[in-house]
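Single-structure report; data block below.
Whatever order the structure lists ligands and atoms in, that order sets their numbers, starting from 1. The shown structure was predicted, so the numbers you read here are calculated from the model rather than taken from an experiment. Because only heavy atoms are used, hydrogens play no part in the values below, and waters and symmetry mates are left out as well, while side chains stay in.
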Amino acid sequence: MSTAVTDHRTPWAALEDKQRELAGVSLRELFAREPRRGPAMTAEHDGVVLDYSKNRVDARTLDLLVALAEERGLRAGIEAMCTGSPINTTEGRAALHTALRAPAGESIILDGHDVVPDVHAVLAEMSAFAVRVRTGQWRGATGAPIRAVVNIGIGGSDLGPAMAYQALREFGLDTLTVRYVSNIDGHDLARTLHDLEPETTLFIVSSKTFTTVETLTNAYTAREWILAGTDDPGAVAKHFVAVSTAAAEVEKFGIDRDNMFEFWDWVGGRYSLPSAIGLSLMIAIGPGRFHELLAGARSMDEHFRTAPFGANLPVLLGLLGVWYRNFWRAQSYAVLPYDERLARLPAYLQQLDMESNGKSTGRDGSPLTVDTAPVIWGEPGTNGQHAFFQLLHQGTVLVPGDFIGVLEPAHELSGHHDLLMANLFAQTEALAFGQPAPQRDSGSHREFPGNRPSNTLLIPRLTPYTLGQLIALYEHKVFTQGWIWGVNSFDQWGVELGKTLARRIHAELRSESAGEHDSSTAALIERYRAAL
Ligand code: F6P
(Lines give C-alpha, C1' and ligand atoms only; values in the text may rest on other atoms or scores of the structure.)
Protein backbone atom coordinates (compact mmCIF):
# COMPACT_ATOMS: atom_id res chain seq x y z
CA MET A 1 0.00 0.00 0.00
CA SER A 2 3.05 2.24 -0.04
CA THR A 3 3.28 4.90 -2.74
CA ALA A 4 6.67 6.53 -3.26
CA VAL A 5 6.84 10.24 -2.55
CA THR A 6 8.13 11.70 -5.79
CA ASP A 7 6.75 15.22 -5.99
CA HIS A 8 8.92 18.27 -5.39
CA ARG A 9 7.00 19.87 -2.58
CA THR A 10 8.28 19.47 0.96
CA PRO A 11 6.45 16.76 2.91
CA TRP A 12 4.95 19.52 5.05
CA ALA A 13 3.52 21.37 2.02
CA ALA A 14 2.27 18.13 0.51
CA LEU A 15 0.59 17.25 3.81
CA GLU A 16 -1.19 20.62 3.82
CA ASP A 17 -2.60 19.82 0.40
CA LYS A 18 -3.48 16.34 1.56
CA GLN A 19 -5.42 17.68 4.52
CA ARG A 20 -7.46 19.95 2.21
CA GLU A 21 -8.25 16.96 0.03
CA LEU A 22 -9.19 14.64 2.90
CA ALA A 23 -11.32 17.28 4.62
CA GLY A 24 -13.91 16.44 1.97
CA VAL A 25 -13.65 12.67 2.30
CA SER A 26 -15.47 10.82 5.05
CA LEU A 27 -14.09 7.89 6.98
CA ARG A 28 -17.08 5.94 5.69
CA GLU A 29 -15.85 6.60 2.16
CA LEU A 30 -12.24 5.73 2.98
CA PHE A 31 -13.40 2.40 4.39
CA ALA A 32 -15.61 1.77 1.37
CA ARG A 33 -12.69 2.38 -0.99
CA GLU A 34 -10.61 -0.24 0.75
CA PRO A 35 -12.53 -3.20 2.16
CA ARG A 36 -9.57 -4.49 4.16
CA ARG A 37 -8.55 -1.11 5.52
CA GLY A 38 -8.94 -2.22 9.17
CA PRO A 39 -6.38 -5.04 9.12
CA ALA A 40 -4.24 -3.20 6.55
CA MET A 41 -3.87 -0.23 8.86
CA THR A 42 -3.03 -2.26 11.92
CA ALA A 43 0.52 -2.53 13.23
CA GLU A 44 1.63 -4.99 15.85
CA HIS A 45 4.72 -5.48 17.95
CA ASP A 46 5.26 -8.18 20.53
CA GLY A 47 1.56 -8.48 21.36
CA VAL A 48 0.76 -4.75 21.30
CA VAL A 49 -1.75 -4.00 18.55
CA LEU A 50 -2.33 -0.54 17.11
CA ASP A 51 -5.32 -0.17 14.80
CA TYR A 52 -4.93 3.26 13.21
CA SER A 53 -7.43 2.70 10.41
CA LYS A 54 -10.06 5.02 11.91
CA ASN A 55 -7.93 8.07 11.16
CA ARG A 56 -8.50 10.63 8.45
CA VAL A 57 -5.62 9.37 6.37
CA ASP A 58 -5.00 7.41 3.22
CA ALA A 59 -1.91 5.46 2.26
CA ARG A 60 -0.35 8.51 0.66
CA THR A 61 -0.82 10.53 3.88
CA LEU A 62 1.15 7.94 5.77
CA ASP A 63 3.91 7.97 3.18
CA LEU A 64 4.09 11.74 3.47
CA LEU A 65 4.19 11.60 7.26
CA VAL A 66 6.99 9.05 7.10
CA ALA A 67 8.77 11.30 4.58
CA LEU A 68 8.40 14.17 7.05
CA ALA A 69 9.99 12.07 9.80
CA GLU A 70 12.85 11.18 7.49
CA GLU A 71 13.32 14.75 6.32
CA ARG A 72 13.51 15.88 9.95
CA GLY A 73 16.19 13.28 10.69
CA LEU A 74 14.16 11.22 13.15
CA ARG A 75 16.29 8.13 12.63
CA ALA A 76 19.44 10.04 13.56
CA GLY A 77 17.57 11.60 16.48
CA ILE A 78 16.64 8.19 17.86
CA GLU A 79 20.24 7.04 17.57
CA ALA A 80 21.48 10.23 19.24
CA MET A 81 19.11 9.66 22.15
CA CYS A 82 19.87 5.95 22.56
CA THR A 83 23.64 6.40 22.37
CA GLY A 84 23.87 9.22 24.90
CA SER A 85 24.42 12.36 22.81
CA PRO A 86 23.70 15.47 24.89
CA ILE A 87 20.37 16.07 23.14
CA ASN A 88 19.03 17.92 26.18
CA THR A 89 20.99 20.92 24.99
CA THR A 90 19.69 23.54 27.41
CA GLU A 91 20.86 21.46 30.35
CA GLY A 92 23.87 19.95 28.54
CA ARG A 93 22.74 16.39 29.25
CA ALA A 94 21.95 13.13 27.58
CA ALA A 95 18.43 11.68 27.75
CA LEU A 96 19.37 8.09 28.24
CA HIS A 97 16.33 6.54 29.89
CA THR A 98 16.58 3.66 27.41
CA ALA A 99 19.80 2.64 29.24
CA LEU A 100 17.67 1.94 32.33
CA ARG A 101 16.32 -1.16 30.63
CA ALA A 102 19.45 -2.27 28.78
CA PRO A 103 20.37 -5.84 29.68
CA ALA A 104 23.48 -6.48 31.76
CA GLY A 105 26.36 -7.07 29.42
CA GLU A 106 25.34 -4.37 26.97
CA SER A 107 27.57 -1.29 26.88
CA ILE A 108 26.38 2.30 26.64
CA ILE A 109 29.25 4.74 26.95
CA LEU A 110 28.60 8.21 28.29
CA ASP A 111 31.59 10.54 28.67
CA GLY A 112 33.91 7.55 28.44
CA HIS A 113 32.03 5.60 31.12
CA ASP A 114 29.80 2.56 30.65
CA VAL A 115 26.52 3.36 32.41
CA VAL A 116 24.96 -0.11 32.14
CA PRO A 117 26.90 -1.67 35.06
CA ASP A 118 25.84 1.32 37.20
CA VAL A 119 22.21 0.74 36.27
CA HIS A 120 22.43 -2.93 37.22
CA ALA A 121 24.30 -2.21 40.44
CA VAL A 122 21.45 0.03 41.60
CA LEU A 123 18.86 -2.50 40.46
CA ALA A 124 20.64 -5.11 42.58
CA GLU A 125 20.62 -2.79 45.62
CA MET A 126 16.93 -2.06 45.08
CA SER A 127 16.14 -5.76 44.74
CA ALA A 128 17.97 -6.67 47.94
CA PHE A 129 16.19 -3.90 49.83
CA ALA A 130 12.78 -4.76 48.34
CA VAL A 131 13.18 -8.38 49.40
CA ARG A 132 14.10 -7.35 52.94
CA VAL A 133 11.02 -5.15 53.23
CA ARG A 134 8.69 -7.71 51.63
CA THR A 135 9.89 -10.55 53.83
CA GLY A 136 9.82 -8.57 57.06
CA GLN A 137 13.60 -8.64 57.51
CA TRP A 138 13.80 -4.85 57.34
CA ARG A 139 12.40 -3.70 60.64
CA GLY A 140 11.36 -0.35 62.03
CA ALA A 141 12.91 1.33 65.06
CA THR A 142 10.87 -0.76 67.50
CA GLY A 143 11.66 -4.02 65.75
CA ALA A 144 8.26 -4.29 64.04
CA PRO A 145 8.17 -5.31 60.37
CA ILE A 146 7.09 -2.77 57.76
CA ARG A 147 3.39 -2.89 56.83
CA ALA A 148 3.09 0.36 54.85
CA VAL A 149 5.34 2.00 52.29
CA VAL A 150 4.69 5.67 51.50
CA ASN A 151 6.40 7.24 48.51
CA ILE A 152 6.84 10.99 48.91
CA GLY A 153 7.55 12.68 45.60
CA ILE A 154 5.91 14.84 42.97
CA GLY A 155 5.78 15.06 39.17
CA GLY A 156 8.03 12.43 37.68
CA SER A 157 8.96 11.22 41.16
CA ASP A 158 5.32 10.35 41.82
CA LEU A 159 3.21 9.99 38.70
CA GLY A 160 5.11 7.04 37.19
CA PRO A 161 5.22 4.78 40.25
CA ALA A 162 1.73 5.87 41.37
CA MET A 163 0.27 5.11 37.95
CA ALA A 164 2.11 1.79 37.71
CA TYR A 165 1.14 0.71 41.23
CA GLN A 166 -2.50 1.46 40.47
CA ALA A 167 -2.15 -0.61 37.29
CA LEU A 168 -0.39 -3.56 38.89
CA ARG A 169 -1.62 -3.71 42.46
CA GLU A 170 -3.06 -7.19 41.83
CA PHE A 171 0.58 -8.31 41.72
CA GLY A 172 1.20 -6.83 45.18
CA LEU A 173 1.28 -8.37 48.64
CA ASP A 174 -1.88 -8.34 50.74
CA THR A 175 0.26 -7.68 53.80
CA LEU A 176 1.77 -4.45 52.51
CA THR A 177 -0.01 -1.14 51.95
CA VAL A 178 1.61 1.15 49.36
CA ARG A 179 0.63 4.81 49.12
CA TYR A 180 1.74 7.94 47.29
CA VAL A 181 1.87 11.48 48.65
CA SER A 182 2.69 14.34 46.34
CA ASN A 183 0.71 17.49 47.05
CA ILE A 184 2.04 20.19 49.36
CA ASP A 185 -1.57 20.46 50.51
CA GLY A 186 -1.45 18.96 53.98
CA HIS A 187 -4.71 17.11 53.37
CA ASP A 188 -2.80 14.73 51.15
CA LEU A 189 -0.31 13.68 53.82
CA ALA A 190 -2.90 13.82 56.62
CA ARG A 191 -5.24 11.49 54.75
CA THR A 192 -2.39 9.18 53.82
CA LEU A 193 -1.15 8.82 57.38
CA HIS A 194 -4.44 8.83 59.26
CA ASP A 195 -4.72 5.04 59.58
CA LEU A 196 -1.01 4.13 59.49
CA GLU A 197 1.25 3.33 62.42
CA PRO A 198 4.65 5.06 62.63
CA GLU A 199 6.25 1.86 63.94
CA THR A 200 5.40 -0.06 60.78
CA THR A 201 5.66 2.68 58.13
CA LEU A 202 8.56 3.20 55.74
CA PHE A 203 8.91 6.41 53.73
CA ILE A 204 10.66 6.57 50.39
CA VAL A 205 11.57 10.18 49.71
CA SER A 206 11.87 10.36 45.94
CA SER A 207 13.28 13.48 44.37
CA LYS A 208 15.80 13.84 41.60
CA THR A 209 17.03 17.17 42.95
CA PHE A 210 16.03 16.71 46.60
CA THR A 211 15.19 20.41 46.67
CA THR A 212 11.55 20.27 45.58
CA VAL A 213 9.53 22.18 48.16
CA GLU A 214 6.48 19.90 48.08
CA THR A 215 8.52 16.77 48.63
CA LEU A 216 10.76 18.22 51.32
CA THR A 217 7.84 19.77 53.19
CA ASN A 218 6.02 16.42 53.22
CA ALA A 219 9.22 14.58 54.13
CA TYR A 220 9.98 16.86 57.10
CA THR A 221 6.41 16.48 58.38
CA ALA A 222 6.63 12.71 57.96
CA ARG A 223 9.90 12.78 59.90
CA GLU A 224 8.19 14.60 62.78
CA TRP A 225 5.42 12.00 62.69
CA ILE A 226 7.91 9.14 62.88
CA LEU A 227 9.95 10.75 65.65
CA ALA A 228 6.85 11.51 67.69
CA GLY A 229 5.39 8.06 67.06
CA THR A 230 8.47 6.03 67.88
CA ASP A 231 9.99 8.25 70.53
CA ASP A 232 13.39 7.33 69.15
CA PRO A 233 15.76 9.98 67.73
CA GLY A 234 17.47 7.25 65.68
CA ALA A 235 14.25 6.15 63.99
CA VAL A 236 14.90 8.09 60.78
CA ALA A 237 17.48 5.51 59.70
CA LYS A 238 14.90 2.72 59.91
CA HIS A 239 11.92 4.56 58.49
CA PHE A 240 13.35 6.67 55.67
CA VAL A 241 15.17 5.86 52.48
CA ALA A 242 15.83 8.25 49.62
CA VAL A 243 15.87 8.01 45.85
CA SER A 244 17.82 10.85 44.31
CA THR A 245 20.70 12.10 42.21
CA ALA A 246 21.75 14.53 44.95
CA ALA A 247 23.63 12.72 47.72
CA ALA A 248 24.63 15.89 49.57
CA GLU A 249 21.01 17.09 49.82
CA VAL A 250 19.89 13.65 50.99
CA GLU A 251 22.48 13.68 53.77
CA LYS A 252 21.41 17.20 54.73
CA PHE A 253 17.92 15.81 55.37
CA GLY A 254 19.38 13.18 57.65
CA ILE A 255 19.16 10.09 55.48
CA ASP A 256 22.29 8.01 55.48
CA ARG A 257 24.15 7.59 52.18
CA ASP A 258 23.67 3.82 52.62
CA ASN A 259 19.92 4.30 52.53
CA MET A 260 19.98 6.23 49.28
CA PHE A 261 19.23 4.68 45.91
CA GLU A 262 20.93 6.56 43.16
CA PHE A 263 19.98 7.64 39.68
CA TRP A 264 21.61 10.06 37.31
CA ASP A 265 21.15 13.45 35.70
CA TRP A 266 20.68 11.78 32.32
CA VAL A 267 17.33 10.40 33.51
CA GLY A 268 14.61 13.02 33.12
CA GLY A 269 12.07 13.11 35.97
CA ARG A 270 9.14 12.14 33.75
CA TYR A 271 11.20 9.29 32.26
CA SER A 272 12.37 7.95 35.61
CA LEU A 273 9.92 5.20 36.56
CA PRO A 274 12.30 2.44 35.36
CA SER A 275 15.09 3.90 37.54
CA ALA A 276 15.29 3.77 41.34
CA ILE A 277 12.25 6.05 41.30
CA GLY A 278 10.38 2.78 40.77
CA LEU A 279 11.51 1.48 44.19
CA SER A 280 8.03 1.69 45.75
CA LEU A 281 6.66 -0.30 42.81
CA MET A 282 9.44 -2.85 43.10
CA ILE A 283 8.67 -3.32 46.79
CA ALA A 284 4.99 -3.72 45.94
CA ILE A 285 5.27 -6.21 43.09
CA GLY A 286 8.69 -7.74 43.78
CA PRO A 287 12.00 -7.46 41.92
CA GLY A 288 11.18 -10.18 39.39
CA ARG A 289 8.02 -8.40 38.26
CA PHE A 290 9.87 -5.08 38.15
CA HIS A 291 12.43 -6.64 35.83
CA GLU A 292 9.54 -7.81 33.63
CA LEU A 293 8.46 -4.18 33.33
CA LEU A 294 11.98 -3.27 32.25
CA ALA A 295 11.96 -6.10 29.70
CA GLY A 296 8.67 -4.86 28.25
CA ALA A 297 10.06 -1.34 27.91
CA ARG A 298 13.22 -2.74 26.34
CA SER A 299 11.18 -4.64 23.77
CA MET A 300 9.50 -1.40 22.72
CA ASP A 301 12.86 0.44 22.70
CA GLU A 302 14.28 -2.04 20.24
CA HIS A 303 11.20 -1.86 18.08
CA PHE A 304 11.41 1.96 18.05
CA ARG A 305 15.07 1.82 17.13
CA THR A 306 14.84 -0.76 14.36
CA ALA A 307 11.35 -1.01 12.84
CA PRO A 308 10.64 0.85 9.62
CA PHE A 309 8.71 4.02 10.40
CA GLY A 310 5.59 2.82 8.58
CA ALA A 311 5.34 -0.18 10.92
CA ASN A 312 6.79 1.45 14.01
CA LEU A 313 4.16 1.86 16.73
CA PRO A 314 5.57 4.89 18.58
CA VAL A 315 6.47 6.60 15.30
CA LEU A 316 3.00 5.99 13.86
CA LEU A 317 1.33 7.34 17.00
CA GLY A 318 3.64 10.35 16.95
CA LEU A 319 3.11 11.07 13.26
CA LEU A 320 -0.67 10.80 13.57
CA GLY A 321 -0.49 13.20 16.49
CA VAL A 322 1.48 15.66 14.32
CA TRP A 323 -1.08 15.20 11.55
CA TYR A 324 -3.97 16.30 13.75
CA ARG A 325 -2.09 18.96 15.71
CA ASN A 326 -0.50 20.76 12.79
CA PHE A 327 -2.67 20.00 9.81
CA TRP A 328 -6.15 19.71 11.38
CA ARG A 329 -5.40 22.16 14.20
CA ALA A 330 -6.59 19.81 16.95
CA GLN A 331 -5.93 21.50 20.28
CA SER A 332 -6.31 18.50 22.52
CA TYR A 333 -5.76 14.78 22.56
CA ALA A 334 -7.70 12.23 24.62
CA VAL A 335 -6.27 9.16 26.30
CA LEU A 336 -9.11 6.77 27.07
CA PRO A 337 -8.06 3.57 28.80
CA TYR A 338 -10.91 1.08 28.95
CA ASP A 339 -9.46 -0.36 32.11
CA GLU A 340 -9.90 0.99 35.60
CA ARG A 341 -6.41 -0.14 36.51
CA LEU A 342 -5.05 2.43 34.05
CA ALA A 343 -7.00 5.27 35.66
CA ARG A 344 -3.82 7.27 36.34
CA LEU A 345 -2.40 6.79 32.85
CA PRO A 346 -3.84 10.07 31.50
CA ALA A 347 -2.31 12.03 34.40
CA TYR A 348 1.03 10.31 33.85
CA LEU A 349 0.89 11.07 30.13
CA GLN A 350 -0.02 14.68 30.80
CA GLN A 351 3.36 15.25 32.38
CA LEU A 352 5.19 13.06 29.89
CA ASP A 353 3.74 14.82 26.88
CA MET A 354 2.99 18.37 28.00
CA GLU A 355 6.11 18.94 30.08
CA SER A 356 8.21 17.47 27.28
CA ASN A 357 6.70 19.19 24.27
CA GLY A 358 4.64 22.11 25.57
CA LYS A 359 7.15 24.64 24.27
CA SER A 360 7.38 27.51 21.84
CA THR A 361 11.15 27.80 21.47
CA GLY A 362 13.03 25.43 19.21
CA ARG A 363 16.13 23.36 19.95
CA ASP A 364 18.22 26.07 18.30
CA GLY A 365 16.74 28.79 20.54
CA SER A 366 14.59 30.44 17.89
CA PRO A 367 10.80 30.83 18.19
CA LEU A 368 8.90 27.93 16.72
CA THR A 369 6.56 28.62 13.85
CA VAL A 370 4.50 25.45 14.31
CA ASP A 371 2.13 24.37 17.05
CA THR A 372 3.52 21.88 19.55
CA ALA A 373 1.99 19.64 22.24
CA PRO A 374 -1.78 19.48 22.46
CA VAL A 375 -3.59 19.38 25.79
CA ILE A 376 -3.60 15.75 26.93
CA TRP A 377 -6.54 14.59 28.97
CA GLY A 378 -8.73 11.59 29.60
CA GLU A 379 -10.52 9.25 31.95
CA PRO A 380 -11.13 5.54 31.93
CA GLY A 381 -14.00 4.09 29.95
CA THR A 382 -16.82 3.59 30.40
CA ASN A 383 -16.99 6.44 32.94
CA GLY A 384 -15.99 9.06 30.38
CA GLN A 385 -18.93 8.05 28.18
CA HIS A 386 -21.30 9.37 30.82
CA ALA A 387 -19.40 12.60 31.22
CA PHE A 388 -17.67 14.16 28.22
CA PHE A 389 -18.32 11.83 25.30
CA GLN A 390 -21.26 14.01 24.25
CA LEU A 391 -18.69 16.57 23.13
CA LEU A 392 -16.56 13.95 21.40
CA HIS A 393 -19.55 12.83 19.32
CA GLN A 394 -21.37 16.08 18.61
CA GLY A 395 -19.20 18.96 19.80
CA THR A 396 -17.57 21.53 17.55
CA VAL A 397 -13.96 20.61 18.26
CA LEU A 398 -11.92 17.80 16.81
CA VAL A 399 -10.49 15.59 19.54
CA PRO A 400 -8.38 12.71 18.30
CA GLY A 401 -7.35 10.14 20.87
CA ASP A 402 -6.32 6.66 21.87
CA PHE A 403 -8.71 4.00 23.11
CA ILE A 404 -6.75 1.43 25.09
CA GLY A 405 -8.19 -2.00 25.73
CA VAL A 406 -6.98 -5.13 27.52
CA LEU A 407 -8.17 -8.41 26.04
CA GLU A 408 -8.14 -10.54 29.18
CA PRO A 409 -9.10 -9.10 32.58
CA ALA A 410 -7.52 -10.03 35.91
CA HIS A 411 -10.86 -10.45 37.71
CA GLU A 412 -13.29 -13.30 37.45
CA LEU A 413 -16.58 -11.41 37.65
CA SER A 414 -18.71 -12.63 34.82
CA GLY A 415 -20.26 -10.33 32.27
CA HIS A 416 -18.29 -7.19 32.99
CA HIS A 417 -15.46 -7.52 30.55
CA ASP A 418 -17.60 -8.23 27.48
CA LEU A 419 -19.65 -5.15 28.26
CA LEU A 420 -16.55 -3.03 28.77
CA MET A 421 -14.96 -4.09 25.51
CA ALA A 422 -18.24 -3.84 23.58
CA ASN A 423 -18.37 -0.21 24.67
CA LEU A 424 -14.83 0.47 23.55
CA PHE A 425 -15.48 -0.96 20.09
CA ALA A 426 -18.86 0.77 19.86
CA GLN A 427 -17.42 4.17 20.71
CA THR A 428 -14.70 4.12 18.08
CA GLU A 429 -17.23 2.90 15.51
CA ALA A 430 -19.75 5.58 16.42
CA LEU A 431 -17.12 8.32 16.39
CA ALA A 432 -15.77 7.29 13.01
CA PHE A 433 -18.95 6.54 11.11
CA GLY A 434 -21.68 8.43 12.93
CA GLN A 435 -25.31 8.09 11.96
CA PRO A 436 -27.71 10.35 10.05
CA ALA A 437 -30.59 11.95 11.97
CA PRO A 438 -33.82 9.94 11.92
CA GLN A 439 -36.29 11.20 9.26
CA ARG A 440 -38.80 12.40 11.85
CA ASP A 441 -36.20 14.51 13.69
CA SER A 442 -36.86 18.18 13.09
CA GLY A 443 -33.29 19.37 13.60
CA SER A 444 -29.99 17.59 13.74
CA HIS A 445 -29.97 16.94 17.46
CA ARG A 446 -29.87 13.25 16.89
CA GLU A 447 -27.40 13.28 14.04
CA PHE A 448 -23.96 11.80 14.68
CA PRO A 449 -21.68 13.41 12.14
CA GLY A 450 -18.89 10.83 12.44
CA ASN A 451 -15.44 11.45 10.93
CA ARG A 452 -14.02 11.69 14.43
CA PRO A 453 -10.72 9.89 14.43
CA SER A 454 -9.26 7.52 16.98
CA ASN A 455 -6.58 4.90 17.45
CA THR A 456 -7.28 1.63 19.20
CA LEU A 457 -4.50 0.02 21.19
CA LEU A 458 -4.98 -3.52 22.44
CA ILE A 459 -2.77 -5.49 24.78
CA PRO A 460 -3.34 -9.13 25.72
CA ARG A 461 -3.22 -8.68 29.51
CA LEU A 462 -2.16 -5.92 31.86
CA THR A 463 1.10 -7.18 33.31
CA PRO A 464 4.38 -5.55 34.32
CA TYR A 465 5.72 -6.50 30.87
CA THR A 466 2.87 -4.96 28.89
CA LEU A 467 2.81 -1.87 31.12
CA GLY A 468 6.53 -1.46 30.40
CA GLN A 469 5.70 -1.67 26.70
CA LEU A 470 2.99 0.98 27.02
CA ILE A 471 5.25 3.34 28.94
CA ALA A 472 8.03 3.11 26.36
CA LEU A 473 5.49 3.38 23.54
CA TYR A 474 4.32 6.75 24.81
CA GLU A 475 7.82 7.95 25.74
CA HIS A 476 8.89 7.37 22.15
CA LYS A 477 5.71 8.83 20.71
CA VAL A 478 6.52 12.02 22.61
CA PHE A 479 10.13 11.93 21.38
CA THR A 480 8.98 11.49 17.78
CA GLN A 481 6.75 14.53 17.99
CA GLY A 482 9.29 16.68 19.80
CA TRP A 483 11.93 15.82 17.25
CA ILE A 484 9.69 16.69 14.33
CA TRP A 485 8.64 19.98 15.92
CA GLY A 486 12.27 20.84 16.70
CA VAL A 487 11.68 20.92 20.45
CA ASN A 488 14.06 19.87 23.22
CA SER A 489 11.72 17.38 24.90
CA PHE A 490 13.89 17.01 27.99
CA ASP A 491 13.96 20.37 29.77
CA GLN A 492 11.10 22.16 31.60
CA TRP A 493 12.04 25.79 32.10
CA GLY A 494 8.37 26.72 31.95
CA VAL A 495 7.79 25.53 35.53
CA GLU A 496 10.38 27.86 37.07
CA LEU A 497 8.69 31.27 37.22
CA GLY A 498 5.74 30.01 39.24
CA LYS A 499 8.12 28.40 41.74
CA THR A 500 10.09 31.64 42.16
CA LEU A 501 6.97 33.74 42.67
CA ALA A 502 5.53 31.23 45.14
CA ARG A 503 8.70 31.47 47.24
CA ARG A 504 8.43 35.27 47.25
CA ILE A 505 4.73 35.32 48.09
CA HIS A 506 5.16 32.67 50.78
CA ALA A 507 7.61 34.94 52.57
CA GLU A 508 5.10 37.79 52.38
CA LEU A 509 2.02 35.96 53.66
CA ARG A 510 2.85 36.39 57.31
CA SER A 511 5.23 39.36 57.17
CA GLU A 512 4.35 42.95 57.99
CA SER A 513 5.13 44.33 54.57
CA ALA A 514 3.47 43.09 51.39
CA GLY A 515 5.50 42.88 48.18
CA GLU A 516 4.85 44.58 44.86
CA HIS A 517 2.08 42.90 42.91
CA ASP A 518 -0.57 43.65 40.36
CA SER A 519 -3.92 44.75 41.82
CA SER A 520 -5.52 41.32 41.41
CA THR A 521 -2.76 39.31 43.07
CA ALA A 522 -2.30 41.93 45.80
CA ALA A 523 -6.03 41.84 46.69
CA LEU A 524 -6.11 38.04 46.73
CA ILE A 525 -3.08 37.90 49.03
CA GLU A 526 -4.69 40.50 51.25
CA ARG A 527 -7.86 38.43 51.59
CA TYR A 528 -5.76 35.47 52.67
CA ARG A 529 -3.79 37.53 55.18
CA ALA A 530 -7.04 38.87 56.61
CA ALA A 531 -8.30 35.31 57.08
CA LEU A 532 -5.22 34.21 59.03
O1 F6P B 1 8.64 21.17 38.57
C2 F6P B 1 8.75 20.19 37.60
C3 F6P B 1 9.67 19.09 38.01
O4 F6P B 1 10.98 19.51 37.95
C5 F6P B 1 9.44 17.86 37.17
O6 F6P B 1 10.08 17.89 35.98
C7 F6P B 1 9.90 16.79 38.10
O8 F6P B 1 9.45 15.53 37.70
C9 F6P B 1 9.29 17.26 39.39
O10 F6P B 1 9.42 18.66 39.34
C11 F6P B 1 9.91 16.72 40.63
O12 F6P B 1 11.26 17.00 40.71
P13 F6P B 1 12.21 16.26 41.73
O14 F6P B 1 12.22 14.81 41.37
O15 F6P B 1 13.56 16.89 41.57
O16 F6P B 1 11.66 16.45 43.11
Subject >> Residue, atom name and distance, where the atom is the protein heavy atom closest to atom 10 (O) of ligand 1 >> reply: K499 NZ, 4.5 Å

Original post:
Does T215, backbone or side chain, put an N or O under 3.5 Å from an N or O of ligand 1?
Top reply: no

Subject >> Charged N-O contact under 4.0 Å between E170 and R461 >> reply: no

**OP:** Between K208 and ligand 1, find which residue part has any heavy-atom pair under 4.0 Å and reply side chain, backbone, both or neither.
**Re:** both

Original post:
For ligand 1, which atoms, with element, lie under 4.0 Å from some heavy atom of T212?
Top reply: 12 (O), 13 (P), 15 (O), 16 (O)

**OP:** Compute the minimum heavy-atom distance from E496 to ligand 1 and say whether it is under 4.0 Å.
**Re:** no

Original post:
Salt bridge or not for R179 and D195, using N-O below 4.0 Å?
Top reply: yes

Subject >> Spacing of CZ belonging to F309 relative to CG belonging to L319, to within rounding of 0.5 Å >> reply: 8.0 Å

**OP:** Sort out for me which residue in L50, L473, L317 forms a side-chain contact (heavy atoms from CB on, under 4.5 Å) with D402.
**Re:** L317

Subject >> 4.0 Å heavy-atom contact, E214 with ligand 1 >> reply: no

**OP:** For atom 9 (C) of ligand 1, grab the closest protein heavy atom and report residue, atom and distance to one decimal in Å.
**Re:** I154 O, 3.7 Å

**OP:** Please determine if G269 has a nitrogen or oxygen closer than 3.5 Å to a nitrogen or oxygen of ligand 1.
**Re:** no

**OP:** Among all protein heavy atoms, pick the one closest to atom 8 (O) of ligand 1 and tell me residue, atom and distance.
**Re:** G156 N, 2.8 Å

Subject >> Residue V495 vicinity, atoms of ligand 1 by number, heavy atom under 4.0 Å >> reply: 1 (O), 2 (C)

Original post:
Of all the non-hydrogen atoms in the protein, which one sits nearest to atom 15 (O) of ligand 1, and at what distance?
Top reply: T209 OG1, 2.6 Å

Original post:
Between E302 and R305, is the closest basic N to carboxylate O distance under 4.0 Å?
Top reply: no

**OP:** Flag the pair R504 and E516 as a salt bridge only when some basic side-chain nitrogen lies within less than 4.0 angstrom of an acidic carboxylate oxygen.
**Re:** no

Original post:
Any salt bridge between K359 and D491, counting N to O under 4.0 Å?
Top reply: yes

**OP:** Could you tell me how the ring of W323 sits relative to the ring of W328: parallel (under 30°), tilted (30 to 60°) or perpendicular (over 60°)?
**Re:** perpendicular

**OP:** If you have a sec, work out which protein heavy atom is nearest atom 6 (O) of ligand 1 and how many Å separate them, to one decimal?
**Re:** E355 OE1, 2.8 Å

